[in-house]
2 protein chains.
Amino acid sequence: MARQAEAGRRTPLTRERVLRAAVALADGIGIEALSMRKLAQELGVVPMALYKHVANKEQLLDGMVDVVVGEIDPPAPGADWKSAVRQRVLSARRALLAHPWAARVIQSRSGPTPVVLAYMDSVIGIFRTGGFSVDLTHHVMHALGSRMIGITQELFDPPPGPRAQVPAPQEGAGEYPYVMELAGAVAHDKDSVVGQGCDDQFEFEFALDLLLDGFERLQRQGWFSADHMRDEGR
Amino acid sequence: MARQAEAGRRTPLTRERVLRAAVALADGIGIEALSMRKLAQELGVVPMALYKHVANKEQLLDGMVDVVVGEIDPPAPGADWKSAVRQRVLSARRALLAHPWAARVIQSRSGPTPVVLAYMDSVIGIFRTGGFSVDLTHHVMHALGSRMIGITQELFDPPPGPRAQVPAPQEGAGEYPYVMELAGAVAHDKDSVVGQGCDDQFEFEFALDLLLDGFERLQRQGWFSADHMRDEGR
DNA sequence: ACCTGAACACCGTTCAAGT
DNA sequence: ACCTGAACACCGTTCAAGT
């Protein structure tokens, strides 16, 4: 840390350097612990110096998201829409998994940065050139939601340490019979993988493929949203 | 506010009263602005008095989630699994929409409270009594993710004010051609609803039904996860 | 034994004073 | 003109002093 601070005093501060340091710091100490003050310290700089390169903390977080989104592989040329989308989304997931804070930060943003917008544009483009109507593309993009960028929308964040999200077997066995049945079966299934709960990659692909298969079915049958609207009002 | 503070001094503080006040305050001023200090002030009480009823702010947020989840309608008896799940999830969505901060707070929790666990148990129960295997139930619960509790997994939070998430038509028209095409079509489609962007309810039900239809198909064909595992390792 | 005010260790950001 | 230290207006929570 002392060495980094010293290097920081030599090399001039740039937006790029600020963002990369912020990403590394968040990787290290977690996003909640990341503060302007600590980031400045890490760069061997007075806190106010950061405000020359980012307007405020919100803009810092935007920039950090851009760094992570920049790590997503470019789209594979010449693939059919289904495997192209699949590949893109799974690559996004890999990028996000490398930065545990990224999914949460992306979701806390109130709007997309140009970099994120470009990513979305490319995914939309895959559907459109794959034969999807504008209408259907619109709805499938909503259906993908943040899964489009590799985010698993689980109900609870994966606990950082060893799994202990479900109450111990004896307690709650009567109150939550179905939860216990399910938890028991999962534990038995995966007892080769010590301490691990569910196979998150499998679950992610399961849901993704379910959606992609659904999209394919709708596209083939020429689905159009007007067919499904319930009355004039909408 | 002065009247509330006075009433607060009379009525003894209870966990219930603290939680209800916190929910009302978050509804009013937003979750970011909710602080232990402001909540205490609203109740006409010194900040430290709150710590008699909630251990810390995390536990306060847990309690607030429980209040919202308590507003979800009980399961409809005698319905088939598909409409029972559908009804439950849409009711959860109604409850969450009444408290704009709720979805974000639920997702920030690291584990389920007993109240949330009971909700999950009831949804799992619908699938199990509807003929789903433990295995398939496990995977469809993951596929539903937080949609199970009515959360729309959009990439960005719905902007509070009038929509302006996409850059103005002239700028970025060349850089994001597919985004612009889609945004243009949506704007044209819904120009009866002034200022509104997408029909969030329609999008939510579109994705939900896509998933439920997929679940039904898998259940009918006796899907089993082992068929789809790629190698021994998992 | 209970309650509570002051204090602690932080924040992000402003701003005026110094170079 | 630039840079930066001190200050402002907050946090959640601790803790010792007062009743």
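Keep in mind it's a predicted model, so treat the numbers as computed, not measured. Only this structure's heavy atoms are used, side chains among them; waters, hydrogens and symmetry mates stay out. A, B, ... follow the sequence lines: proteins, then strands. Residue 1 opens every chain.
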dC2(C): pairing nucleotide in any strand, Watson-Crick or G-U under 3.5 angstrom: dG18(D)

Distance in angstrom units between Gln41(B) CD and dC11(D) P, rounded: 9 Å

Toward the 5' end of DNA chain C, by each residue's nearest nucleotide, Lys52(B) or Tyr51(A): Lys52(B)

Minimum side-chain heavy-atom gap Asp121(A)-Pro177(B) below 4.5 Å: yes

Interatomic distance, Leu60(A) CG vs dT13(C) P [rounded to whole Å]: 10 Å

Selection from dC11(D), dT4(C), dT13(C) that lies nearest to any side-chain heavy atom of Val46(B): dT4(C)

Side-chain donor or acceptor of Lys38(B) paired with backbone N/O of Ala33(B) under 3.5 Å: yes

Whole angstrom value for the distance that separates P of dC10(C) from CG of Leu34(A): 15 Å

Sugar-phosphate only, base, or nothing, as touched by Met48(A) at under 4.0 Å among non-hydrogen atoms: base

Protein-nucleotide distance (Lys38(B), atom NZ; dG12(D), atom P), rounded to Å: 9 Å

Separation of dT13(C) C1' from Arg37(A) CZ (nearest whole Å): 9 Å

Protein-nucleotide distance (Lys57(A), atom NZ; dC11(C), atom C1'), rounded to Å: 8 Å

Any side-chain heavy-atom pair of Tyr178(B) and Phe127(A) under 4.5 Å: no

Nucleotide dC11(D), atom C1' - distance to CE of Met36(B) in whole Å: 11 Å

Length of the line joining Glu32(A):CD and dC10(C):P, which is rounded to integer Å: 16 Å

Contact check, side chains of Asp62(B) and Asp66(B), non-hydrogen atoms, under 4.5 Å: no

Rounded C1' spacing from dT13(C) to dT13(D) in Å: 23 Å

Base-pairing assignment for dG12(C) (Watson-Crick or G-U wobble, both under 3.5 Å): dC8(D)

Validation row: Arg17(A), His53(A) side chains within 4.5 angstrom (heavy atoms): no

